[in-house]
Enquirer: 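One structure, as structure tokens, below. Some questions next.
Treat the numbers as computed from the prediction; the structure is a model and nothing was measured. We name chains A, B, ... by the order of the sequence lines, and we start the count at 1 in each one.
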Amino acid sequence: MLDPKILRENPDKIRKMLNDRNVDFPLDELIKLDKSRRDLIIKTDELRKKRNEISIEIAKRKKANQDTTSLIEQMQETSQILTDLEIEQTQTESNYTKLALTIPNLVDESVPIGKDDTVNREIKKWGKIPQFDFKVKDHINISQSLDLVDLERAAKVSGARFYYLKNDLVKLNQALIQYALDFLSDKNYTPVQTPYLINHSSMEGAIIAQDFEDVIYKIEGDDLYLIGTSEHAVASMHSDEILEGKILPLRYAGLSSCFRKEAGAHGRDQKGIFRVHQFEKVEQFIFSRPEESRKEHEQMLSNVEEFYQKLEMPYRIMILSSGDLGKISAKTYDLEAWMAGQNSYREIVSCSNCLDFQARRLKIRFRDRTNDQPQYLHTLNSTLVATTRTIVALMENFQTKDGHISIPKVLQKYLNKTII
RNA sequence: GCGGGGGUCGCCUAGCCUGGUAGGGCGUGGGAUUGCUAAUCCCAUGUCCGUAAGGACCCGUGGGUUCGAAUCCCACUCCCCGCGCCA
């Protein structure tokens, strides 16, 4: 949700954003709805004022045993007009909110403008791309020969894009989670394992409606949705709250399984565990003062870099262009890890600043002193590790000549071995 | 799942029976005063509209009855206690 003040005072800023994002949106209709919504508030407020005045007068007269017939007649009349107006107001309000909830976030000035991912800008490369003196295998190959993944039976039991992890890959999955939690705990993040099912209003606060269809599973018969990431559950954790300014920034290390429909991804990354419906993720989530969110964003990214450097993982950092940017994000960095089996960089981390966009939808505010006007805070989120994708990169980059996987130093103590 | 009790403006609580401007305490912020970090007193402390003056809304949520609902009625929801089931 955008600040309605921008809508009123600077609609061109929004028009530019829609253009930059290459999004169709009936902005004029939203402006009109905002206007009529406010007009109706003024009208109904006036009527309620009148009603309150008469009501007080009736109470007074009743106490004094005076006649109230004409006043009650007036009340009846006023109430009738008010009821009609209220119906109109509720309708307008709901139309406004419905539409306002679908508008995407503003785009940060530092974001490259362009229609799709071809315009994403690389800003950094780290690490040496591994060279092999043998025929490189992809992760599917490796996991099959080491009996680490069973895709066929998963397909039988659950369908495409599901998997059974087996043997040491189960432990590697856990090792990544544990390493990530330790890593963030050391940086004073509060670990939080979230509910995996959340209700509609929480989900709608965290994402935009279209995404419900594309990525979110719904539980039949209940007002519950499977989270696509712990971000959804952590963001809504403080909904409808006014936080004390002094506790900011709030930094959470969210842990959860993640569930995604991956609608529209048919044909892409069809095989293996790169693109799946379920995986585990440790996520950085920050509630920040507005003036500090850009700094926090950079800090999150540098945490991510440190994490993957310690994992000895070659990567590059991209800034997503306006056309590729998620609707709720104002600016997103992706970390793309080198994947030897595919001979290319692939996305494994997404690091976003949502500014006050989610906070407005979820009504999360803060203030420094009791009598201050509460203001919306900023929310930021970034993958630290999404297990399956990082496992793919580890398998492919750390493969050995004899078909095994060597384990990066930082993970060895969690796995209790140096090779799989 | 069944039975019982509950949800009041950050926290605690009054008001509900008997409908008529939601009151108090604590905490917090600001101020006054006192030669101490204490005490006392005053003001403020939910949301929305409005530049403001001001006004409207707010008693878990949504309906209903009524001129008027925190209060009466219905449904839902969450919490607590007991029973049942259960990793």
Enquirer: Taking the side chain of A:Lys49 as heavy atoms from C-beta outward, which of B:G20, B:A56, B:C49 is closest to it?
Expert: B:A56
Enquirer: Could you check A:Thr379 against A:Gln358 for side-chain hydrogen bond (donor to acceptor under 3.5 Å, both in side chains), going step by step and ending with a plain yes or no?
Expert: CA-CA 7 Å; A:Thr379 60; A:Gln358 275 180 327; 2.7 Å; yes
Enquirer: Report yes if a side-chain nitrogen or oxygen of A:Arg48 is closer than 4.0 Å to either non-bridging phosphate oxygen (OP1 or OP2) of B:C49; otherwise report no.
Expert: no
Enquirer: Provide the distance between the two C1' atoms, one in B:C9 and one in B:U21, to the nearest whole Å.
Expert: 16 Å
Enquirer: Could you give the distance separating B:A53 and B:G46 at their C1' atoms, to the nearest angstrom?
Expert: 22 Å
Enquirer: Provide the closest heavy-atom pair for A:Lys281 versus A:Cys258 in the form atom of the first, atom of the second, distance.
Expert: CB-SG, 3.5 Å
Enquirer: Expressed as a whole number of Å, how far does the P atom of B:C26 sit from that of B:C42?
Expert: 11 Å
Enquirer: Take atom P in B:U33 and the same atom in B:U28, then report the distance between them in whole Å.
Expert: 22 Å
Enquirer: Rounding to an integer number of Å, can you tell me how far A:Arg38 CZ sits from B:U47 C1'?
Expert: 17 Å
Enquirer: Side chain of A:Asp45 only, please: which of B:G20, B:A56, B:U47 is the nearest?
Expert: B:A56
Enquirer: Is the distance from OP1 or OP2 of B:G68 to the nearest side-chain N or O of A:Ser79 less than 4.0 Å?
Expert: yes
Enquirer: At 4.0 Å (heavy atoms only), tell me whether A:Ile42 reaches a base, stays on the sugar-phosphate, or touches nothing.
Expert: sugar-phosphate
Enquirer: Taking any strand in view, what nucleotide pairs with B:G84 in a Watson-Crick or G-U wobble way, both distances under 3.5 Å?
Expert: none
Enquirer: From the list B:C57, B:C49, B:U21, which nucleotide is the closest neighbour of the side chain of A:Ile56?
Expert: B:U21
Enquirer: A:Arg51 side chain: which of B:G50, B:C57, B:G20 is closest?
Expert: B:C57
Enquirer: Would you call A:Glu86-A:Arg48 a salt bridge at under 4.0 Å N-O?
Expert: yes
Enquirer: For A:Leu71, answer base if it contacts any base atom (sugar-phosphate contacts may also be present), sugar-phosphate if it contacts only those atoms, and nothing otherwise; contact means non-hydrogen atoms under 4.0 Å.
Expert: nothing
Enquirer: Taking only the P atom of each, what is the distance from B:G4 to B:C12 in whole angstrom?
Expert: 26 Å
Enquirer: Check this for me: does any side-chain nitrogen of one of A:Arg38 and A:Asp34 sit under 4.0 Å from a carboxylate oxygen of the other?
Expert: yes
Enquirer: Rounding to the closest angstrom, what is the interatomic distance between B:G24 and B:A44 at atom P?
Expert: 11 Å
Enquirer: So what does A:Lys62 hit on the nucleic acid, given a heavy-atom distance under 4.0 Å: a base, only sugar-phosphate, or nothing?
Expert: base
Enquirer: Would you mind telling me which of B:G55, B:G50, B:G20 lies closest to the side-chain atoms of A:Met75?
Expert: B:G20
Enquirer: Counting Watson-Crick and G-U wobble pairs only, both distances under 3.5 Å, name the nucleotide matched with B:G27, or none.
Expert: B:U45
Enquirer: For A:Arg367 and B:G30, give me the distance from atom CZ to atom C1', rounded to whole Å.
Expert: 14 Å
Enquirer: Of all the choices, B:G46, B:A56, B:G20, which nucleotide is nearest to the side chain of A:Asn52 once you look at every atom?
Expert: B:A56
Enquirer: Grab the CD1-C1' distance between A:Ile364 and B:U47 for me, whole Å please.
Expert: 17 Å
Enquirer: If you measure from the Lys or Arg side-chain nitrogens to the Asp or Glu carboxylate oxygens, is any gap between A:Lys32 and A:Asp28 under 4.0 Å?
Expert: no
Enquirer: Looking at A:Arg365, does any N or O in its side chain come under 4.0 Å of the phosphate oxygens OP1/OP2 on B:U47?
Expert: yes
Enquirer: What is the minimum heavy-atom distance between A:Asp214 and A:Lys261, and which atoms define it?
Expert: O-CB, 3.5 Å
Enquirer: Rounded to the Å, how far apart are A:Lys5 NZ and B:C48 P?
Expert: 10 Å
Enquirer: Using the P atom in both, what is the distance from B:C11 to B:U18, to the nearest Å?
Expert: 31 Å
Enquirer: Of all the choices, B:A56, B:G20, B:G50, which nucleotide is nearest to the side chain of A:Ala59 once you look at every atom?
Expert: B:G20
Enquirer: For nucleotides B:C86 and B:G5, find the distance between their P atoms and express it as a whole number of Å.
Expert: 28 Å
